[in-house]
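Keep in mind the model is a prediction, meaning the values are calculated, not measured. Whatever order the structure lists them in is the order used to number ligands and atoms, beginning at 1.
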Amino acid sequence: MSSTPITKETYLEWYKSMLLMRKFEEKTGQLYGQQKIRGFCHLYIGQEAVVAGTMSVLKPEDSLITAYRDHAHAIAKGVSPAACMAEMYGKATGCSKGKGGSMHFFSKEHKFMGGHGIVGGQIPLGAGIAFAEKYNGTDNVNVCYMGDGAVRQGAFNETLNMAMLWKLPVIFVCENNGYAMGTSVQRTTNMQEIYKMGLGFDMPSAPVDGMDVVAVHNAMDEAVRRARAGEGPTFLEIRTYRYKGHSMSDPAKYRTKEELEEYKGRDPLLACRAAIVENNYADDAWFAAQEAEVKQVVDEAVKFAEESPYPRAEEIYEDVYVQEDYPFILD
Ligand SMILES: Cc1ncc(C[n+]2csc(CCOP(=O)(O)OP(=O)(O)O)c2C)c(N)n1
Ligand SMILES: [Mg+2]
């Protein structure tokens with residue numbers, strides 16, 4: 001039984017937030033095709049239940065940190081779609097002042113700690129944030145996301161060891177979408193069940209169905225409860241799937257259409273919608289209203305990005321190092 005109850009409002013919020021993630025990403029893909037957005041860009045379509053099921057158990061003071069597939073995490077954490085879109089346009093109004101791009105969203109205000117392009121680089125940082133929370137005596141937790149490719153990095157093992165030794169309030173979430181660029185999990189390891197990597201550190205670890213937002217919520221709820229109680233970290237392998245290629249330049253020829261269709265048949269948005277209808281939580285008019293509202297939010301984000309100025313050339317030397325407000329997560 002989950003200690004954060006799942007109510008009608010939870011379902012409606014899940015649907016709304018996943019719809020926004022999906023529509024924002026679809027628009028991002030279109031704009032990339034029009035060369036309005038350039039550089040590296042990785043879409044999250046298909047994986048939405050992982051972030052939605054996390055957010056329903058967190059409080060605003062908790063922090064998230066993830067890799068470069070970061071649009072949904074930032075938006076769910078409260079960073080405005082407009083600031084995210086402007087960031088991808090390289091505009092000064094972007095959440096990283098237009099200097100980070102798609103991979104490097106950041107918002108100290110919303111405790112969204114990035115957006116990191118170095119595979120696995122965010123794993124020790126997430127534990128460090130959790131260390132700071134513990135040191136400061138808060139009950140805040142950090143949720144540290146990584147891909148199935150990132151668990152092959154040495155830093156993953158070092159971090160799990162220290163996080164467990166110091167009982168840090170961090171939830172390590174491996175978003176196992178089956179592939180690291182074009183390399184399948186099967187081709188990188190003889191041990192296919194990634195969650196078992198946590199067991200070597202005696203860390204509570206579990207596999208979770210990442211196409212099912214309820215399963216994600218329940219697993220996260222248990223992990224967050226443990227972290228807040230001072231009982232230390234958890235490692236969740238959340239099994240999910242990305243519908244698009246790794247990045248915008250990937251035609252995804254390394255997988256079969258059948259595999260893709262199988263996952264699309266378990267689409268998290270459609271499943272959530274079906275549950276809402278089944279429980280009579282909302283009617284067709286409500287779904288139509290959500291579509292319209294989300295379309296407006298995304299359109300406004302694009303307009304904001306289009307109309308915003310580029311950063312001044314001299315700004316390239318600013319914000320390179322943290323200066324007067326260091327250490328920034330301790331205030
Ligand atoms: C240290 C490092 N090595 C290699 C790369 C190139 N690279 C970018 S993404 C990626 C695959 C990572 O896959 P995964 O962790 O499964 O995340 P996903 O893209 O599936 O979300 C690689 C190897 C990198 N960015 N950083
Ligand atoms: Mg992957």
Exercise. Of all the atoms in Tyr179, is at least one N, O or S atom closer to the Mg ion (ligand 2) than 2.8 Å?
Worked result: yes
Under 4.0 Å from one or more heavy atoms of Gly149, ligand 1 contributes atoms 14 (P), 15 (O), 16 (O)
- Is there a donor-acceptor contact under 3.5 Å linking the side chains of Glu300 and Gln296? yes
If you scan protein heavy atoms around atom 21 (O) of ligand 1, the nearest is Arg69 NE, 2.9 Å
Requested in this report: Mark yes or no for whether Gln153, through its side chain, and Val119, through its backbone, hold a donor-acceptor pair below 3.5 Å.
Outcome: yes
Note: ligand 1 atoms sitting under 4.0 Å from heavy atoms of Tyr179 are 16 (O), 20 (O)
For the Mg ion (ligand 2), the nearest N/O/S atom on Asp148 is atom OD1
| query | What is the ring orientation for Tyr15 with Trp286, classed by angle as parallel under 30°, tilted 30 to 60°, or perpendicular over 60°? | reply | tilted
Counting heavy atoms under 4.0 Å, the part of Met181 that contacts ligand 1 is both
Logged contact type for Tyr68 with ligand 1, heavy-atom cut-off 4.0 Å, is side chain
Counting from 1 in the order shown, the ligand 1 atoms closer than 4.0 Å to a non-hydrogen atom of His246 are 9 (S), 19 (O)
Closest to atom 4 (C) of ligand 1 (heavy atoms only, candidates Asp148, Val185, Thr66, Val119) is Val119
### Query
Is the His42 ring parallel, tilted or perpendicular to the Tyr68 ring (thresholds 30°, 60°)?
tilted
Nearest non-hydrogen protein atom to atom 25 (N) of ligand 1, with distance, is Gly117 O, 3.0 Å
Would you check if there is a donor-acceptor pair between the side chains of Tyr254 and Asp250 at a distance under 3.5 Å? yes
Q | Derivation and outcome, ring-ring contact (aromatic ring centres under 6.0 Å, His included), residues Phe235 and Phe172 | A | CA-CA 5 Å; Phe235 180 51; Phe172 298 107; 7.1 Å; no
With heavy atoms and a 4.0 Å threshold, my read on which part of Gln153 contacts ligand 1 is side chain
Could you walk me through whether Glu175 and Arg69 satisfy the salt bridge (charged side-chain N to carboxylate O under 4.0 Å, His left out) test, starting with their C-alpha distance in whole Å, then the side-chain angles of each, then the deciding distance to 0.1 Å, before giving a yes or no?
CA-CA 11 Å; Glu175 296 197 56; Arg69 201 179 295 285; over 6 Å; no
- prompt: So, does Ala67 sit close enough to ligand 1 that a heavy atom of it is under 4.0 Å from the ligand?
  reply: no
Carefully, step by step, assess His73 and Tyr44 under the rule ring-ring contact (aromatic ring centres under 6.0 Å, His included). CA-CA 9 Å; His73 303 73; Tyr44 194 65; 5.0 Å; yes
TODO: Determine whether the side chains of Ser3 and Asp221 contain a donor N or O and an acceptor N or O closer than 3.5 Å.
DONE: yes
Numbered in order shown, the ligand 1 atoms found under 4.0 Å of a heavy atom of Asn177 are 18 (P), 20 (O), 21 (O)
